[in-house]
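Side chains included, hydrogens not; waters and symmetry mates left out as well; all remaining heavy atoms used. Note that the coordinates shown come from a computational prediction; the quantities given were computed from them, not determined experimentally.
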Amino acid sequence: MTTNTPTHVGGCLCGAVRFSASGDPVGANHCHCGMCRKDSGSGVSTFVSFRTDAVTWDGTPTDYESTPGKYRGFCPKCGSSLTWWSRESADVIDLRLGSFDDPTPFKAKKHLWVSTALPEFSVIDPDIDHFDQGS
C-alpha cells in the first residue's frame, strides 16, 4: 500500500539525536522572544509545529525547563537546540526549522513576540500575521 503522507527527517549537528515527523505540520512561526534568541544564538528562531504523536526519535533530546511548564530540548552531546514544547499543550511539539535535513518545504505563518523583536528581523515575511506576544 502506498501512502502520500510526507515524512520530514532531521536532527542535531553531531547526529546523536534524529527525528522523523510524519504528515503535514500544524503550524510554523518566527519567534522573536529573548529566550529564543539566547537559545538559538540568532536574532530570530523559526519553528515548525507537529503533533507530538507524529514525531519519532532516534536518540533523546534533553529537556530544559526555561520557564515553568515550558521546555526547550537539545542534544545532550553537541548541544544543538531542537525543540520547544509546553506542558499545557503537550500534544504539539515545535521543531527548529534549521534541524530539518530539508527545511525547504516549510514556511512560517506568523511572527510571535514582535514587541521584543530586533528591528532588522521584525521585517522578515512582512505578509504574515504579527503578534505582540505569543499566540
Side-chain angles (χ1 to χ4, degrees):
M1 183 165 116
T2 307
T3 177
N4 290 333
T5 304
T7 300
H8 309 281
V9 295
C12 67
L13 180 63
C14 74
V17 178
R18 299 283 300 159
F19 63 82
S20 177
S22 299
D24 293 320
V26 297
N29 65 69
H30 299 299
C31 186
H32 298 274
C33 80
M35 278 196 257
C36 280
R37 286 198 303 269
K38 290 270 187 187
D39 184 36
S40 69
S42 181
V44 64
S45 292
T46 303
F47 293 97
V48 182
S49 306
F50 283 88
R51 292 195 46 78
T52 303
D53 60 8
V55 179
T56 57
W57 295 93
D58 181 11
T60 306
T62 297
D63 284 332
Y64 169 69
E65 190 172 12
S66 55
T67 54
K70 295 178 178 21
Y71 301 85
R72 296 167 186 279
F74 59 93
C75 172
K77 185 175 180 182
C78 69
S80 293
S81 180
L82 299 168
T83 66
W84 183 95
W85 64 277
S86 75
R87 193 177 314 132
E88 68 185 29
S89 57
D91 58 332
V92 174
I93 189 166
D94 292 350
L95 301 169
R96 287 204 178 266
L97 176 67
S99 66
F100 286 91
D101 292 351
D102 178 11
T104 60
F106 308 112
K107 176 159 178 38
K109 306 289 186 206
K110 58 187 171 181
H111 288 269
L112 305 177
W113 293 98
V114 293
S115 60
T116 62
L118 299 173
E120 60 273 19
F121 290 97
S122 64
V123 294
I124 60 175
D125 288 340
D127 297 328
I128 61 176
D129 290 336
H130 288 63
F131 296 90
D132 284 339
Q133 295 184 3
S135 172

**Request:** Under the side chain to side chain contact (heavy atoms under 4.5 Å, CB included) rule, what do His32 and Leu118 come out as? Steps first, then yes or no, please.
**Result:** CA-CA 7 Å; His32 298 274; Leu118 299 173; over 6 Å; no

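- For the pair Pro61 and Pro76, the tightest heavy-atom approach, listed with the atom from each and the gap, is CA-CD, 4.4 Å.
- Counting heavy atoms from C-beta on, the side chains of Arg51 and Asp91 come closer than 4.5 Å.
- Within the structure, salt bridge (Lys or Arg N to Asp or Glu O under 4.0 Å) contacts touching residues 14-38 (residues at least two apart or in different chains) are Arg18-Asp101.
- In this structure, Ser45 contributes its side chain and Arg96 its backbone to no donor-acceptor pair below 3.5 Å.
- Within 6.0 Å of CG in Leu13 there are 12 or fewer heavy atoms belonging to other residues, nucleotides or ligands.
- A donor-acceptor contact closer than 3.5 angstrom links the side chains of Ser49 and Asp94.
- Looking at Ser80, its side chain never comes within 3.5 Å of a backbone N or O of Cys75 through a donor-acceptor pair.
- Residues His30 and Ala108 approach most closely at NE2-CB, 3.3 Å, considering heavy atoms.
- Through direct or relayed side-chain contacts under 4.5 Å between Ile, Leu, Val, Met, Phe, Trp and Tyr, Phe47 connects to Trp84.
- Apart from Tyr71 itself, the hydrophobic cluster it occupies contains Val17, Phe19, Val48, Phe50, Val55, Trp57, Leu82, Trp85, Ile93, Leu95, Leu97, Phe100, Phe106, where clustering links Ile, Leu, Val, Met, Phe, Trp and Tyr at side-chain heavy-atom distances under 4.5 Å.
- Contact record, Cys31 with Trp113: SG-CD1, 3.9 Å, taken as the closest heavy-atom pair.
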**Message:** Working note: Met35 + Arg72, criterion side chain to side chain contact (heavy atoms under 4.5 Å, CB included); need CA distance, chi angles, decisive distance, verdict.
**Reply:** CA-CA 10 Å; Met35 278 196 257; Arg72 296 167 186 279; 3.3 Å; yes

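- Side-chain atoms of Pro6 and Pro105, non-hydrogen and from C-beta on, never get closer than 4.5 Å to each other.
- Atom NZ of Lys109 is separated from atom CG of Asn29 by 11.5 Å, given to the nearest 0.5 angstrom.
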